Amino acid sequence: QVQLVESGGGLAQVGGSLRLSCAASGRTSGVHEMGWFRQAPGKERESVAALSRSGGNTYYGDSVKGRFTISRDNAKNMLYLQMNNLKPEDTAVYYCAANAIGRLEFPHYYYWGQGTQVTVSS
């Protein structure tokens with residue numbers, strides 16, 4: 001089993017930045033792909049960014065390309081999402097996930113965190 005805990009969410013202004021972190025614990029040697037996903041009220045879960053264990057395979061959703069950067073530190077069992085130039089439409093609950101079921105860009109993963117709220121206000 002792998003446990004994931006997100007942190008770093010909160011309130012930001014339009015054009016501002018936030019950095020999300022996800023700490024993995026448990027059987028972390030078995031963690032492969034990891035990703036960030038988000039869900040706004042009344043909407044389906046959306047893929048934000050994901051990457052392979054080595055970082056050699058990376059995915060970004062069209063709406064965040066050029067603004068968000070995903071990274072990981074396997075030695076520390078951490079996943080990060082640097083979010084710049086935030087927009088109101090980025091408001092959502094952001095979830096960290098590990099071990100994709102299929103392609104890493106799809107929101108089908110074995111392990112999920114509890115989520116962290118990001119609110120972008122104008």
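If you're wondering where the values come from, they're calculated on a predicted model, not measured in any experiment.
Other residues sharing a hydrophobic cluster with Leu11 under the 4.5 Å side-chain heavy-atom criterion for ILVMFWY residues do not exist; the residue is a singleton.
The distance from atom CE of Met78 to atom CG of Leu4, rounded to the nearest 0.5 Å, is 10.5 Å. Between the OG atom in Ser29 and the CG atom in Asn74 there is a gap of 11.5 Å [rounded to 0.5 Å]. To the nearest 0.5 angstrom, Ser25 atom OG is 10.5 Å from Gln1 atom CD. Rounded to the nearest 0.5 Å, atoms CZ (Phe68) and CG (Leu86) are 5.0 Å apart. From Thr116, atom OG1 reaches atom CZ of Arg38 across 14.0 Å, with rounding to the nearest 0.5 Å. Here CD of Gln3 is found 8.5 Å from OH of Tyr111. Values are rounded to the nearest 0.5 Å.
Counting only heavy atoms from C-beta outward, the side chains of Arg53 and Arg72 approach each other to under 4.5 Å. Side-chain atoms of Tyr80 and Leu20, non-hydrogen and from C-beta on, never get closer than 4.5 Å to each other. You'll find the side chain of Asp90 reaches within 4.5 Å of the side chain of Arg67, heavy atoms only. The side-chain heavy atoms of Gln114 and Val5, taken from C-beta on, include a pair separated by under 4.5 Å.
Remark: Lys65 engages Asp62 in a salt bridge, criterion side-chain N to carboxylate O under 4.0 Å.
Screening residues 98-109 for salt bridge (charged side-chain N to carboxylate O under 4.0 Å, His left out) gives Arg103-Glu105 as the qualifying pairs, with residues at least two apart or on separate chains. Pairs engaging residues 36-71 under the disulfide bond (SG atoms under 2.5 Å apart) rule: none recorded [sequence neighbours left out]. Residue pairs meeting the side chain to side chain donor-acceptor pair (under 3.5 Å) criterion with at least one member in residues 8-21, sequence neighbours excluded, are Ser17-Asn84. Residue pairs meeting the ring pair (Phe, Tyr, Trp, His ring centres under 6.0 Å) criterion with at least one member in residues 88-110, sequence neighbours excluded, are Phe37-Tyr109. For residues 22-122, every residue pair satisfying the disulfide bond (SG atoms under 2.5 Å apart) rule, not counting sequence neighbours, is listed here: Cys22-Cys96.
Glu33 places no side-chain N or O within donor-acceptor distance of the main-chain N or O of Ser52, the cut-off being under 3.5 Å.
For the residue pair Gln117/Thr91, the side-chain donor-acceptor check at 3.5 Å is not satisfied.
Of all heavy-atom pairs between Ile70 and Tyr60, the closest is N-OH, 2.9 Å. Across all non-hydrogen atoms, the minimal contact from Ala49 to Leu81 is CB-CD1, 4.3 Å. Nearest approach of Ser47 to Pro107, heavy atoms of both residues: OG-CD, 3.4 Å.
Val2 and Leu104 sit in two unconnected hydrophobic clusters of ILVMFWY residues. Membership requires side-chain heavy atoms under 4.5 Å apart, directly or through other members. In the hydrophobic clustering of ILVMFWY residues, with side-chain heavy atoms under 4.5 Å counting as a link, Ile101 and Tyr59 come out apart.
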Practice item. Go through the steps for Asn99 and Val31 under the test side-chain contact (heavy atoms from CB on, under 4.5 Å), then give the verdict. Key: CA-CA 6 Å; Asn99 289 15; Val31 172; 4.1 Å; yes
Practice item. Kindly determine whether Glu46 and Trp36 satisfy side-chain contact (heavy atoms from CB on, under 4.5 Å), including the steps that lead there. Key: CA-CA 9 Å; Glu46 176 187 9; Trp36 289 98; over 6 Å; no
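In Glu44, the CD atom is not crowded: 12 or fewer heavy atoms of neighbouring residues, nucleotides or ligands sit closer than 6.0 Å.
When each of Thr69, Val48, Asn85 is paired with Val64, the side-chain contact (heavy atoms from CB on, under 4.5 Å) condition holds for Val48 and for no other.
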